[in-house]
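Reading through the structure tokens given below for one structure.
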Amino acid sequence: MTKYSEGYPNKRYYQGCKYIDEIEKLAVKLAKKLFKVDYANVQPHSGSQANQVVYLALLRPNDKILSLDLLAGGHLSHGAKVNFGGIFYLVYYYNLDPITQQLDYEEIRKKAQEVKPKLIIAGYSSYSLKVNFGKFREIANEVGAFLLVDIAHIAGLIATELFPNPFPHADVVTFTTHKTLRGPRGGVILAKKELAEKIDRALFPGFQGGANQAIIAAKSQCFYEASQPEFKEYQERVLENARTMANYFLEKGVKVISGGTETHLLVIDTKSSYGLNGKKAAELLEEVNIICSKQMIPYDEEKP
Ligand SMILES: Cc1ncc(COP(=O)(O)O)c(C=O)c1O
């Protein structure tokens, strides 16, 4: 689909969008129904762009963001120095507990009170346990911050109610449609209704150009599939597989970060378990057709 459709349904910068408008309205309707929210924007081309749009909507340059350190499982787009976020905003990090490698809400609270951020980010790239979004809401309220929850990885688990829903705690939620949601490569923003206008304008004309309507059609299909009972069964199997694998490693004395998994992923400390850094371990696994991602681990002494 090469038709240009800058703008939103019934408010396009081009003529000839009547079918495209219906496609986008359907995707928005299905996203809202699936995640039980009042507002969805299905135009972000990716998860990182969804996050950048949120920053543009809610922050001014040099405002403060508090997010999980990239080394501990955060994402580049949560404010790494080399990323848009780290260049335009003042980014501070919370970390995982050094012993349990789990989120420590008292430490996060202390850090938030010290930093007084305008935005707190929860939701991660490689954290394998459940997150208490209610606790994050309390902390955000105490310091007057917005709460962004990035569910890029766990959107499929949330859509099927196998993981706590970040609403009503979050102000904004971003996610990718291509991870556990098993859809096309793209991003979505969900938010409280009162932020709708700001986010729409930040996305277009603020940040992106024309919407990718072929992908938006595929997002509708993905939201439809995710609402079917078979998808929930599939997500249950994903969780069971990850749990079984983590428990097996633990039985063998392998160090699983955070002590196990409650999600679809697990992180292994290959260095202390096998004397291999992540790069070497990932390369060896590829030789036997097992593909995994290498990742920094909490308090890692290796380079990214
Ligand atoms: C938590 C989180 N947010 C955002 C993204 C970025 O998604 P994209 O690659 O679509 O920009 C990722 C990708 O791994 C992620 O893990």
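These values consider heavy atoms only, across backbone and side chains, with no hydrogens, waters or symmetry-generated copies. Nothing fancy with the numbering, it's 1 onward along the sequence. Just follow the structure's listing: the first ligand is 1, and inside any ligand the first atom is 1.
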So if I count the atoms of ligand 1 from 1 in the order they appear, which ones are less than 4.0 Å from some heavy atom of [X]?
X      : result
His178 : 10 (O)
Tyr124 : 1 (C)
Thr176 : 7 (O), 10 (O)
His153 : 16 (O)
Asp150 : 1 (C), 2 (C), 3 (N), 4 (C)

Reference residue Phe35; test ring pair (Phe, Tyr, Trp, His ring centres under 6.0 Å); the match among Phe163, Phe167, Phe175: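 By the ring pair (Phe, Tyr, Trp, His ring centres under 6.0 Å) criterion, Phe35 pairs with just one of Phe163, Phe167, Phe175: Phe175.
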Tell me the protein heavy atom at minimum distance from atom 13 (C) of ligand 1, and give that distance in Å.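 Ranking protein heavy atoms by distance from atom 13 (C) of ligand 1, first comes Lys179 NZ, 2.8 Å.
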Any N/O pair [X]/ligand 1 closer than 3.5 Å:
X      : answer
Gly123 : no
Ser77  : no
His78  : no

[X], [atom1] atom: more than 12 neighbouring heavy atoms under 6.0 Å:
X      : atom1 : value
Gln228 : CD    : yes
Tyr105 : OH    : yes
Lys29  : NZ    : no

Below 4.0 Å, non-hydrogen atoms only: which portion of Ser46 touches ligand 1? Side chain, backbone, both or neither.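 Under 4.0 Å from ligand 1, Ser46 contributes backbone and side-chain atoms.
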Judged on heavy-atom distance to atom 15 (C) of ligand 1, which of His75, Arg185, Gln52, His45 sits nearest?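 That would be His75.
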Nearest heavy atom to atom 16 (O) of ligand 1 wins, so pick from Ser125, Pro44, Ser126.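 Checking each option, the heavy atom nearest atom 16 (O) of ligand 1 is found in Ser125.
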Any side-chain donor paired with an acceptor under 3.5 Å for [X] and [Y]?
X      : Y      : value
Asn83  : Ser77  : no
Tyr8   : Asn41  : yes
Thr160 : Gln235 : no

What class does the angle between the rings of Phe84 and Tyr55 fall in, given that below 30° is parallel, 30 to 60° is tilted and above 60° is perpendicular?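 Taking Tyr55 first and then Phe84, their aromatic rings lie parallel (interplane angle under 30°).
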Classify the ring geometry between His75 and His78 as parallel (under 30°), tilted (30 to 60°) or perpendicular (over 60°).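 The arrangement is perpendicular - the two ring planes meet at more than 60°.
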Taking the non-hydrogen atoms of Gln49, is any one of them nearer than 4.0 angstrom to ligand 1?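 So Gln49 does not count as touching ligand 1.
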